Amino acid sequence: MQTATHPSNEVSYLDYKGKYKGIFGWIFSTDHKRIGLLYMYSMLVMFVVGVGLGLAMKLELIAPGKTIMDPGTYNAVFTVHGVIMIFMIVIPGLPAVFGNFFLPIMIGAKDVSFPKLNLLSWYFYVAGALLVISSVLFGNGTPDTGWTFYAPYSFKSGTNLLPAIFGAFVLGFSSILTGLNFIVTIHRMRAPGMTWFKMPLFPWSLYGTAWIQLLATPVVGITLVLVALERIFNIGVFDPALGGDPILYQHLFWIYSHPAVYVMILPAMGAISEIIPTFSQKHIFGYRAIIASTLAIAFVGYFVWGHHMFTSGMSGTAQYTFSILTFIVAIPSAIKVFNWISTMHKGSINPEAPFLWAVSFIFVFMIGGFSGLVLGALAANVHVHDTAFVVAHFHFIVFGGVGFAFFGAIHYWFPKMFGRMYDKVWAKVGWAFFTVGFLTLYSPMFYLGMMGMPRRYYDYLPEFHAANILSSLGSWVMTFGLLIVVINLFRSAKNGPIAEMNPWNSKTLEWTVPSPPPLENFDEIPVYGEKDGPYEY
Amino acid sequence: MEHVAQHSDPHYDQEASKMGMWLFIFTELLLFGGLFIVYAIYRFMNPEAFQMAGKELNITIGAINTIILLVSSMTIAMSTSSLQKKNKGLTVLLLEITIILAVIFLINKYFEWGVKFDHGIWPGSEHLLNDLGKGEILFFGLYFVMTGLHALHIVVGLVIIVVALNKIQKGTVNADRPSLLENAGLYWHLVDLIWIFLFPLFYLIH
Amino acid sequence: METEKHHIVPYRVYVYILIALVVMTFMSIGITKINLGAYSVLGAMIFATVKSVLVLTWFMHLKFDQPLLRFMVGFVVLLFFAVIFITFLDYYFR
């Protein structure tokens with residue numbers, strides 16, 4: 001047992017002066033908290049680019065025909081938007097930022113198991129991001145295949161795809177290392193007495209996520225390598241002219257990329273499972289059911305990839321199997337929703353900003369989930385496949401799910417991370433604009449898709465005009481809300497009122513250390529007793 | 001196993017680094033797993049062509065390389081035992097043998113690929129694209145990718161072993177802190193494990 | 001730390017394992033020389049599987065490690081086979 005107070009524990013991790021000064025004190029720091037913030041700031045930069053591209057697409061679609069860009073540019077814009085948002089924002093999103101920052105503190109550890117590896121994975125993230133950006137800036141033409149890099153177009157396209165493919169590979173490596181680190185940390189570094197079933201739900205969700213990161217990412221890694229080799233050496237693996245099968249590419253790609261959706265959503269659900277009991281001041285309902293559903297989603301989610309390929313020419317047997325498996329994976333997701341609602345029931349609800357984000361998360365997640373069932377049903381899928389309906393569905397899940405959970409989480413943990421409180425009124429105003437804008441932006445796409453508007457076109461028929469105008473208006477309202485949220489947080493991180501140690505009266509371990517936490521988190525490793533638990537209100 | 005001990009040196013947890021290495025091995029297994037899926041599908045689609053193309057490969061060289069890898073796996077496994085027995089000289093010797101065997105494997109591979117190149121067979125070569133069928137193109141495409149990736153892993157493993165050897169000689173890897181050597185060993189066995197499947201799938205399908 | 005972690009495997013055990021592996025290598029070469037049709041693949045794969053089990057349990061020390069690691073290895077292998085199985089639902093019935 002380590003008891004002596006470490007001298008470095010007298011100042012917070014933000015003020016700590018280590019071997020290196022200034023910015024080097026950050027980019028050479030192996031402190032999990034600083035690495036979490038490094039991820040957050042680098043993700044913010046990429047997010048601004050991604051949002052800008054998204055706004056450009058919505059502006060293009062405000063009227064039929066060419067508005068601000070030609071079809072080739074539009075293809076490049078949705079490709080880069082997708083690659084940035086998927087590989088650099090939503091996949092690392094909650095695990096890399098809040099996982100890094102809070103996983104060790106929540107399980108009562110001083111850091112992750114492999115701090116240097118943790119820093120290395122951030123370097124990989126930056127390297128991958130730079131590679132993708134370089135494919136935009138240099139070479140002849142920005143990649144235009146869509147973020148899925150479907151064969152055979154991905155090795156026929158004359159655009160500068162190699163850096164983008166290699167960048168996605170390197171980003172995958174970053175994700176693998178983060179997952180590896182978290183699994184070992186959770187196995188080896190839980191505080192004495194914190195058994196598996198006393199661990200908070202956010203670490204549990206990270207555990208499930210980490211396994212997916214570890215076991216699914218290598219498959220897409222090798223697939224992207226094969227595409228790159230196909231481009232360079234003509235090995236024939238996915239080229240139908242040389243005997244290859246492009247549908248096999250889709251299989252391998254989605255073997256990763258569908259589980260990747262659960263890499264995005266599971267930590268989001270974990271964060272929501274922390275916020276709801278805190279702001280209801282009540283023990284989480286069905287703690288073990290939530291854990292079981294987390295693991296079930298992670299496991300079954302590995303076997304549903306084929307529902308992205310219902311119209312690709314798979315065998316009927318495979319189609320039925322993937323359809324039924326898709327329906328099965330909806331069950332554990334629904335279990336979680338029931339548990340969150342039941343937790344709120346008869347709780348003393350404190351409608352602060354994090355709670356509002358969490359409740360709206362449940363709302364958009366439900367819409368996204370139900371529309372997912374429409375897509376999982378074979379017959380309905382054929383009707384709406386590759387239409388705006390699909391775009392609406394995955395933005396509700398991916399952006400709605402991860403975005404709302406991310407903003408909920410940052411409003412929840414902000415006082416701990418920066419030791420200051422944000423302006424609560426502006427936080428709610430930002431949330432209101434964002435939510436209204438979000439629903440206005442994506443809801444019309446459900447209608448457009450069912451009416452038959454295909455995705456990934458810069459143009460559309462005149463009868464789709466009204467709904468597209470509404471959608472574009474929504475994109476502006478949402479961005480306005482986003483600006484309010486971000487500006488409020490940035491101002492408060494510097495000038496907000498000093499926050500208490502536990503402003504929300506929460507029960508998990510991160511609220512037992514000072515705000516912001518000192519370098520090694522705990523002076524003394526906490527010990528969980530027989531009666532202690534993460535949600536004992 | 002769930003009772004996490006607080007060690008005297010909080011920054012050294014042998015069990016954690018072993019688990020980390022195993023998790024990394026899982027990712028490697030699935031990396032190759034993706035290729036094995038591709039192989040299985042294409043072999044299922046082109047059974048005759050794969051058999052015909054497989055005859056091009058030299059069983060003798062394949063078998064020699066198999067035995068070289070198996071022996072090197074044994075020597076590195078023995079070196080972990082001898083490190084625990086604090087027999088530094090023997091550990092160093094065993095690792096040196098492992099390194100030499102790995103280099104011989106790579107030299108064999110070099111000549112094996114060289115023969116293929118002499119026959120006009122390489123990815124995208126005219127002979128392959130014009131004279132051979134689609135199944136053969138796939139077979140040789142996969143052959144070069146899978147054995148090439150495997151050889152790359154040999155090189156990486158070689159580097160890790162050299163680093164471990166260096167640290168053993170310096171004494172920073174010793175009987176009390178054997179993790180680096182154990183992990184190098186695990187990685188080397190992984191390389192062996194993959195070859196155990198590559199060998200019959202490419203060389204023995206007549 | 002657990003005591004079993006310091007289990008030192010005697011050198012001769014490794015030699016026995018190596019002999020078994022080499023013998024099986026030759027047996028798998030032999031079995032493919034006999035024309036068994038479709039079963040020769042199966043034969044070679046069975047030998048490869050047994051060989052990999054030997055490498056995993058002895059060379060990679062799984063026999064002496066905590067059961068958790070063995071469980072993880074089994075899980076990953078099963079997962080991989082499940083993925084192959086599901087992929088073949090497409091190709092086999094196409």
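The model shown is predicted, which means the values in this text are computed figures rather than measured ones. Letters go in sequence order (proteins before strands), and every chain restarts at 1. These values consider heavy atoms only, across backbone and side chains, with no hydrogens, waters or symmetry-generated copies.
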(request) Of all the heavy-atom pairs spanning A:Thr195 and A:Arg190, show the shortest one and how long it is. (result)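 The answer is C-NH1, 3.6 Å.
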(request) Determine the minimum heavy-atom distance between A:Pro267 and A:Val263, stating which atoms define it. (result)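 Heavy atoms only, the tightest pair is CD-O, 3.0 Å.
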(request) Please flag which part of C:Phe85 lies under 4.5 Å from any non-hydrogen atom of chain A: side chain, backbone, both or neither. (result)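 Contact with chain A is absent: no heavy atom of C:Phe85 under 4.5 Å.
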(message) Please classify the contact between C:Tyr91 and chain A as side chain, backbone, both or neither, with a heavy-atom cut-off of under 4.5 Å.
(response) side chain
(message) Return the NE2 to CG distance between A:His187 and C:Leu69, rounded to the nearest 0.5 Å.
(response)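 That separation rounds to 9.0 Å.
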(message) Can you tell me which portion of A:Leu325 sits under 4.5 Å from chain C's heavy atoms? Options are side chain, backbone, both or neither.
(response)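 When you check distances to chain C, only side chain atoms of A:Leu325 fall under 4.5 Å.
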(message) With a 4.5 angstrom heavy-atom cut-off, is it the side chain or the backbone of A:Ile247 that approaches chain C, or both, or neither?
(response) both
(message) Which one wins on heavy-atom pair count under 4.5 Å against chain C: A:Leu252, A:Leu214, A:Val219, A:Leu215?
(response) A:Leu215
(message) Quick check: under 4.5 Å, non-hydrogen atoms only, which of residues 293-305 of chain A neighbour chain C?
(response)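 So far as heavy atoms go, A:Phe299, A:Tyr302, A:Phe303, A:Trp305 are the residues that approach chain C to under 4.5 Å.
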(request) Might you work through the side chain to side chain contact (heavy atoms under 4.5 Å, CB included) test for A:Ile86 and A:Met264, ending with a clear yes or no? (result) CA-CA 9 Å; A:Ile86 297 283; A:Met264 307 162 194; 4.1 Å; yes
(message) Would you say that more than 12 heavy atoms from the other residues, nucleotides or ligands in this model lie under 6.0 Å from the OH of A:Tyr153, or not?
(response) yes
(message) More than 12 heavy atoms of other residues, nucleotides or ligands under 6.0 Å from CZ of A:Phe197: yes or no?
(response)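 Above 12, so yes.
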(message) Whether the A:His251 and C:Thr87 side chains hold a donor-acceptor pair (N or O, under 3.5 Å, no angle test) is what I'd like checked.
(response) no
(message) Is the distance between the ring centroids of A:Trp211 and A:Phe182 under 6.0 Å?
(response) no
